[in-house]
Amino acid sequence: MHAPLLVSVFIVASCGLAYELIAGALASYLLGDSVTQFSTIIGTYLFAMGIGSWLSRHIGGDLLRRFIQIELLVGLLGGISAGLLFLLFTLHAGPFGLMLYGLVMLIGILVGLEIPLIMRILKGEVAFKDLVAQVLSFDYIGALAVSLLFPLVLAPHLGLVRSALLFGLLNALVAAWALMLFRTRIGNVRGLQVQCAAVIAALVIGFALAGRFVSLAEANLYAEDIVHAESSPYQRIVVTRWRDETRLYLNHNLQFSSRDEYRYHEALVHPGLAALPGARRVLVLGGGDGMAVREILKYPQVEHITLVDLDPRMTEIFRTSPLLRPLNGDALHSPKLTIVTADALQWLEASSEQFDFVVADFPDPSSHGLGKLYSTAFYRLLAQHVSATGMIVVQATSPMYARESFWTVVTTLEAAGWQTAPYHALVPSFGEWGYIIAGHRGYQMPKTVPVPTRFVTPDALPALFHFPADMARVPAEPNRLDNQNLVRVFEREWGRLQGH
Amino acid sequence: MQRREFLLGASMAALLNACGQPAGFSSKPPLPPGTLTEPARLLGHRLRQKDFPAPTETRRVAVVIAGGGIGGLSASWRLQHAGCDDFLLLEMESSVGGNSRAGSNAVAPYPLGAHYLPLPPPEARAVRRLLRELNVLKPDGQYDEAYLCHAPQERLYRDGYWHDGLLPSLGLGASERAEHARFHDQIAELRSTRDHAGRRPFALPMALSSREAAWRATDRSNFRDWLLQNGYTSPALHWLADYACRDDYGTRAAETSAWAGLHYFSCREGEGQVLTTPGGNAWLTDGLKQGLKQGMEGTRSAQLQADAVLWRVTETRHQVACDVYLAAENRSIRILARELIWAAPLFLIPHVFVPPRPEWLAALAGIEYAPWVVVNLTLSAPPETRAGVPLAWDNVLYDSPALGYVVATHQQLRYAPAPTVITWYRALHEESVRSPATPLLQMDRAAWAEAALRDLERAHPEIRQTATRIDVHRHAHAMIRPRPGSLWDGRREVFTRNHGRVRFAHADVSGFSLFEEANHRGVLAAERTLTRLGVSFNTFL
Ligand SMILES: Cc1cc2nc3c(=O)[nH]c(=O)nc-3n(C[C@H](O)[C@H](O)[C@H](O)COP(=O)(O)OP(=O)(O)OC[C@H]3O[C@@H](n4cnc5c(N)ncnc54)[C@H](O)[C@@H]3O)c2cc1C
């Protein structure tokens with residue numbers, strides 16, 4: 001009699017692990033930073049299971065009936081979990097973190113109830129030591145099955161939303177099966193049958209419609225069609241297009257939108273380069289999309305540009321893709337350009353070249369690795385590569401949303417011996433964005449911008465260097481390699497925003 | 001219940017797979033290549049037998065320094081600064097540095113022993129002078145960022161999770177937390193205490209510590225008992241104390257002098273920042289030997305002779321005769337010196353000095369050394385972090401007889417993940433080289449490589465796949481052990497005194513092995529030698 005229940009243990013354990021993995025994968029997909037997401041989700045889930053196990057002592061009465069109902073509830077909640085979270089995220093419906101962990105807690109508690117209940121149901125039929133041995137081994141085997149199946153088969157082929165629904169369905173089927181087997185031992189079978197049928201029907205319909213739903217929701221996430229997606233050894237590169245707008249996402253973070261990237265890149269290049277009529281040699285660090293190079297190439301006196309990017313796929317895509325080449329005006333094919341695939345820090349340490357203008361366009365300092373690119377050590381190293389009258393410009397995140405981070409970068413440059421001229425520009429896709437020009441000497445705002453521009457014009461320049469009260473300087477500590485305080489400040493400031 | 005751990009493990013494995021890692025850690029790839037090195041062990045045995053050819057030539061020099069570790073190099077550094085160039089430093093290995101040497105391969109240099117120097121307290125004046133000289137300590141009091149250990153400095157692996165720092169940050173009860181706070185306060189108080197002579201209870205160099213009996217009395221008990229007697233029962237704190245003793249002294253807390261334990265925690269100031277480089281402390285070795293004229297055949301003025309074993313010392317009224325075996329030439333020479341600075345380990349004294357003084361032999365009875373094994377693993381990619389804080393410089397595993405690993409490339413200026421070398425440390429705290437059976441020390445390269453992999457794969461299941469080389473460095477007499485009573489029972493201090501023409505300059509003289517101690521002993525011995533030679537100087541100490 002207990003064999004069927006052991007089979008259900010196997011299924012129940014599989015489903016239990018599946019929901020946890022799905023929530024973890026979804027959270028890292030949507031929020032990034034997979035290690036943190038996975039470990040906090042798993043932690044919460046395990047904790048919730050503990051609560052469930054503890055609560056199971058309060059469940060009395062008809063245990064089989066309760067078990068079937070719990071199965072149905074787990075099936076329903078777990079089944080729709082991924083779709084629901086996806087929808088909530090894309091609709092910006094309230095605090096996502098709260099909803100995510102709330103749902104994970106709820107499912108975890110229900111899953112935690114399952115095994116203790118099964119053990120109590122089987123208690124009368126099997127000796128305790130066999131019971132523990134059998135239930136736990138089926139539990140483990142089930143978990144193992146899913147842990148292998150999920151990453152290899154389910155996630156890639158079914159997707160998260162449908163995988164969840166599938167496991168929900170399994171839970172519901174266990175309930176239906178148990179109901180069939182034990183119908184003589186349970187009172188009011190009719191009511192349970194109706195519940196079973198309703199849950200199974202709902203999940204089946206969900207599964208059938210999931211394809212349409214996902215593309216709807218993902219379209220919501222990207223709000224546009226994905227025209228290129230690949231994972232390089234360093235990052236996930238996604239290019240999307242909607243009507244005449246092209247966007248680049250790296251690790252799901254928007255890098256530019258073709259609608260307003262000219263604002264970002266004009267602001268990055270012209271305030272500095274227009275003030276350096278003698279600039280011959282230019283270095284671009286990061287910026288493998290070629291947009292900054294496009295702006296620099298407008299200056300006829302620039303004889304040579306070196307572009308150093310870590311990811312060869314980035315420069316390759318932007319050199320060859322028919323969709324993207326027009327965006328940078330084929331800048332990556334310029335005979336003045338040398339493309340170097342290297343870690344900027346390593347390259348600078350090894351090279352002895354000098355430049356008149358350097359553009360440091362790195363991703364935001366969201367990890368210790370990236371934080372090194374905003375450190376006193378890095379800016380000191382950079383100083384050795386800048387000619388006496390030369391300048392650098394640094395993209396330095398948003399002085400509006402990450403105010404202390406921005407001013408930390410300014411303070412860091414100053415601590416490394418640079419004279420700084422911080423400024424900002426409004427790029428609608430990003431909001432207010434911050435840059436810093438720095439030189440061995442002070443910066444003089446140019447009277448003219450000698451090349452065609454749409455946004456950075458001479459009369460617009462002074463406003464860029466003016467910081468309204470809400471972005472004005474705040475005291476900050478320099479970001480040194482031995483403290484990396486920028487990474488912490490940045491995490492705090494953007495974390496606050498993402499908890500919206 | 002174990003279900004919890006299983007789920008965690010299984011889901012982590014799933015995450016790894018999902019991230020595109022090669023599936024199936026179960027298949028064991030063959031052990032990658034590598035070497036076994038061991039500081040001149042055979043020479044050591046020959047020393048005991050005095051199994052060397054008789055000297056065929058006699059040379060003269062004012063000062064012989066025996067041993068080119070930090071102690072001997074510090075002595076030569078001090079002599080040079082006083083304008084005394086008439087000395088010869090003898091080193092048995094083919095390169096100087098002793099425990100502060102580095103190996104190197106295409107990926108990075110890596111330490112073979114000492115790997116860090118904590119920011120020195122004001123008392124360590126000679127160390128600070130050296131750091132200023134090397135321009136690592138700047139005139140404005142700041143340290144060079146390239147040498148300061150980059151963040152994150154250390155982390156601890158416990159219960160499947162990497163915690164920030166060495167005390168686990170999660171899963172501690174309120175009472176344990178309170179105990180840690182109390183310990184922290186007590187240490188802070190020890191740091192700021194000064195006795196009536198203005199000395200710290202536990203100073204670095206240790207010779208500058210308070211001489212008051214109350215402090216020295218702590219030497220008689222072991223550190224574990226001291227913690228218990230002071231009401232500290234927290235398992236995490238006891239683990240930390242034990243870890244600290246194994247890491248710095250090669251002994252369990254229960255076998256370490258409480259004086260040494262308290263010294264570890266309270267002799268310095270600040271927040272535990274350290275200086276380090278990919279090659280560990282080899283940069284300090286290089287800094288100290290900068291001015292030395294290297295030994296070459298026939299050049300009489302050479303100040304450094306490598307591959308040279310001092311195997312017999314006979315002291316007469318007017319000179320010290322040093323018989324030195326030159327391995328490269330397979331012959332011995334006799335060097336007649338006015339002064340000898342013995343900067344080799346003290347346990348060799350009975351085998352080299354003819355005859356050894358009785359008070360030395362008495363003082364050496366009971367001296368004990370901790371054997372060490374250092375395994376350098378070259379990896380095709382940095383160790384992965386499955387849960388918790390990111391890779392740090394020092395990465396410690398909680399439930400392990402080993403001491404974790406440091407990452408050689410941590411100080412490199414690069415932001416993208418790249419191949420690396422990690423150095424795994426294991427003090428053989430359960431063994432003493434006094435006892436004849438040292439099975440751990442007998443283990444060969446394959447066995448130690450396997451031991452390191454097994455220890456590390458608990459936190460890094462991919463390690464067998466990423467390891468491309470495993471080099472093992474095994475050292476029987478790696479460091480002296482500060483056992484209870486060994487520091488202040490009067491015997492150790494015999495070696496701090498002048499003995500005719502001989503002075504001792506090894507870290508062993510301090511009773512525990514630290515860069516600062518070896519440096520202090522070297523400088524002190526050199527300055528006493530200068531006095532005897534009638535050279536005037538301003539002390540570095
Ligand atoms: C694994 C390990 C890790 C360590 N980590 C640190 C650390 O991180 N920080 C720290 O401060 N300390 C550390 N130490 C302690 C380290 O021992 C000291 O920092 C310092 O290097 C000791 O120098 P020393 O000169 O006293 O001794 P040694 O390094 O022992 O030098 C003695 C020298 O004498 C030579 N010699 C011996 N006999 C003869 C002979 N007969 N003739 C000629 N030459 C001879 C030896 O070859 C050797 O070079 C570590 C030690 C070990 C073993």
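Just so you know, these numbers come straight off a predicted model, no measurement behind them. Numbered from 1 within each chain, the chains take letters A, B, ... in sequence-line order.
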Part of [X] within contact of chain B (heavy atom distance under 4.5 Å):
X: Gln484(A); answer: both
X: Leu348(A); answer: neither
X: Thr376(A); answer: both

**OP:** Pick out which of Asp164(B), Asp394(B), Asn395(B) makes a side-chain hydrogen bond (donor to acceptor under 3.5 Å, both in side chains) with Arg155(B).
**Re:**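 Going through the options one by one, the only one that passes is Asn395(B).
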Looking at [X] and [Y], does any basic side-chain N land under 4.0 Å from a carboxylate oxygen?
X: Arg191(B); Y: Glu269(B); result: no
X: Glu145(B); Y: Arg380(A); result: yes
X: Glu516(B); Y: Arg268(B); result: yes

Subject >> Side chain, backbone, both or neither of Gln273(B) within contact of chain A (heavy atoms, under 4.5 Å) >> reply: side chain
Original post:
Between Glu271(B) and chain A, which part of the residue has a heavy atom less than 4.5 Å away: side chain, backbone, both or neither?
Top reply: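 Glu271(B) has no heavy atom closer than 4.5 Å to chain A.
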**OP:** Just jot down the salt bridge (Lys or Arg N to Asp or Glu O under 4.0 Å) partners of Arg128(B), sequence neighbours excluded, or say none.
**Re:** none
Original post:
Taking only residues two or more places apart in sequence, or in another chain, which ones meet Ala459(B) in a side chain to side chain contact (heavy atoms under 4.5 Å, CB included)?
Top reply: Tyr157(B), Trp162(B), Leu397(B)
Subject >> Which of Cys149(B), Pro152(B), Pro390(B) touches chain A most, by non-hydrogen pairs under 4.5 Å >> reply: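 Counting heavy-atom pairs under 4.5 Å, the top option is Pro152(B).
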Original post:
Which of the residues Ser367(A), Gly371(A), Gly369(A), Ala344(A) is involved in the greatest number of heavy-atom pairs with chain B at under 4.5 angstrom?
Top reply: Gly369(A)
